[in-house]
2 protein chains.
Amino acid sequence: MEKNVFDDPRITAVGLLVEAHAGLSARFAVQYEEHGLSAVEFEVLMRLARSPGNQLRMTDLAAQTSLSTSGVTRVVDRMERDGLLCRRACPSDRRSSYAVVTPSGLRRLDETLPGHLRIIEQWFTGQLEPEALTAMLDGLRRVRDAVHPGATAGSTDPAPSDEPPSPLA
Amino acid sequence: MEKNVFDDPRITAVGLLVEAHAGLSARFAVQYEEHGLSAVEFEVLMRLARSPGNQLRMTDLAAQTSLSTSGVTRVVDRMERDGLLCRRACPSDRRSSYAVVTPSGLRRLDETLPGHLRIIEQWFTGQLEPEALTAMLDGLRRVRDAVHPGATAGSTDPAPSDEPPSPLA
DNA sequence: GAGCAACTATAGCCACAGCAATATTCCTCG
DNA sequence: CGAGGAATATTGCTGTGGCTATAGTTGCTC
């Protein structure tokens with residue numbers, strides 16, 4: 001009997017992470033759709049709504065999401081067309097424009113958030129006792145801090161902007 | 001001072017999961033690329049290589065990956081064109097075809113796996129002491145079992161096939 | 001002040017994947 | 001045995017997002 005690489009505990013570990021993430025994302029997606037949003041649109045709304053003035057420069061929005069700058073252009077195009085966002089010229093730098101959440105966008109987010117939180121509680125945080133939950137979250141935080149999303153390549157100290165790279169946590 | 005929804009611990013929790021996953025996936029992606037593979041191609045190779053006969057019916061491959069059946073058709077097209085896979089007619093059911101890993105595909109996987117494992121260890125499993133790691137993995141397993149990837153909608157008992165739905169863990 | 005590099009947003013082009021439609025094959029029931 | 005329905009793989013169409021080029025803007029250097 002030869003050793004089977006596929007049973008390697010490291011493979012198992014990433015499998016758990018990937019499948020937990022995928023399953024949760026799928027749950028989120030169906031709930032987003034109930035409110036006419038996609039996952040990226042929801043994330044954009046969240047990032048903007050938590051920013052001062054409900055707005056963010058396109059570049060900063062790209063840095064905070066998993067999108068490229070051109071990707072942000074397209075998403076903002078769609079969401080502006082749908083009335084959730086609008087563009088605003090940056091007074092101090094004519095290269096930049098702000099994406100601003102409209103009242104309609106804020107309303108949409110308010111409608112979507114309660115169900116979102118309910119899903120998180122039902123399928124994620126509520127699945128574990130408090131100690132187990134904090135243990136898992138501590139582990140995830142350590143991993144997150146290590147891989148540091150935003151520092152994709154092996155740069156020593158990216159510091160892409162003044163904003164904290166991961167304000168979500 | 002009003003309560004800020006964005007500081008809700010549930011939001012923080014999913015943020016950790018999402019960012020840890022995203023960061024790790026990004027690390028994986030650059031290593032895959034060093035060996036001319038994409039993430040889905042690597043996953044396809046893994047799923048096939050661990051299956052008896054290094055083969056799987058297209059539908060079963062779709063069920064085991066995050067792809068739809070048409071998605072599998074395209075991926076297998078590309079990988080067959082690249083010589084990593086080949087199609088084989090199913091003798092017992094002429095509707096089905098097998099995707100079979102070629103020796104070249106197995107070689108590619110063998111070349112890619114060591115670096116993959118190294119990345120997992122460096123950025124994921126190696127970031128935590130053994131007890132913290134198992135605590136986190138136990139939590140992830142509970143969440144994974146709850147959301148049950150493959151049962152996307154609210155069906156009570158999907159049981160899509162005889163195969164275990166998540167052989168990765 | 002002129003020149004030049006860096007930055008910002010966008011548009012063109014392409015790859016990828018999902019949905020729906022289609023063709024073929026299998027199975028079950030009458 | 002035949003008909004109808006389920007299953008399987010594929011293709012067309014579409015939406016999405018990344019990469020690169022481009023145009024406009026800023027700031028730095030000399």
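All values below were derived from every heavy atom in this structure, side-chain atoms included, with hydrogens, water molecules and symmetry-related copies excluded. Nothing here was measured: the structure is a model prediction, and the numbers come from that model. First the proteins, then the strands, lettered A, B, ... as listed; each starts at 1.
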*Asks:* Quickly work out the Leu67(B) CG to dG18(C) C1' distance and round it to whole Å.
*Replies:*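 It is 10 Å, rounded to the nearest whole Å.
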*Asks:* In whole angstrom, give the distance that lies between atom CD of Glu43(B) and atom P of dC16(C).
*Replies:*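 For the pair Glu43(B) CD and dC16(C) P, the rounded distance is 16 Å.
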*Asks:* So, the side chain of Arg50(A) versus the backbone of Phe6(B): is there a donor-acceptor pair under 3.5 Å, distance only?
*Replies:*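 Yes, the answer is positive, given that a donor and an acceptor are paired below the 3.5 Å cut-off.
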*Asks:* Which letter, B, S or -, goes with each nucleotide of nucleotides 3-13 of chain C from 5' to 3', with contact meaning a protein heavy atom under 4.0 Å?
*Replies:* ---BBSSBBBB
*Asks:* Rounding to a whole Å, what distance do you find between Leu37(B):CG and dC16(C):P?
*Replies:*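 Atom CG in Leu37(B) sits about 12 Å away from atom P in dC16(C).
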*Asks:* Does one side chain, of Arg57(B) or Ser96(B), offer a donor that lies under 3.5 Å from an acceptor on the other?
*Replies:*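 Yes, because at least one side-chain N or O of Arg57(B) sits under 3.5 Å from a partner of the opposite role on Ser96(B).
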*Asks:* Does Asp77(A) come within less than 4.0 Å of Arg87(A), counting only side-chain N to carboxylate O?
*Replies:*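 Arg87(A) and Asp77(A): salt-bridged.
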*Asks:* With a non-hydrogen cut-off below 4.0 angstrom, is Thr65(A) in contact with a base, only sugar-phosphate, or nothing?
*Replies:*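 The answer is nothing, as Thr65(A) stays clear of every strand by at least 4.0 Å.
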*Asks:* With nearest nucleotide decided by heavy atoms, which residue, Gly71(A) or Arg94(A), maps closer to the 5′ end of DNA chain D?
*Replies:*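 Here Gly71(A) is the residue nearer the 5' end.
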*Asks:* Between Arg78(B) (CZ) and dT10(D) (C1'), how many Å, whole number?
*Replies:*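 Distance, rounded to whole Å: 15 Å.
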*Asks:* With ring centroids as reference points, do His116(A) and Tyr32(A) lie under 6.0 angstrom apart?
*Replies:*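 Judged by ring-centre distance (under 6.0 Å), His116(A) and Tyr32(A) do meet the cut-off.
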*Asks:* Please give me the minimum heavy-atom distance between Thr102(A) and Gly83(A), naming the atom from each residue.
*Replies:*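 Distance-wise, the nearest heavy atoms are OG1-O, 2.6 Å.
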*Asks:* Taking the nucleotide of DNA chain D with the closest heavy atom to each, which residue, Pro91(A) or Ser68(A), is nearer the 5' end?
*Replies:*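 That would be Ser68(A).
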*Asks:* Charged N to carboxylate O below 4.0 Å: is that the case for Asp110(B) and Arg107(B)?
*Replies:*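 Answer for the salt bridge query: no.
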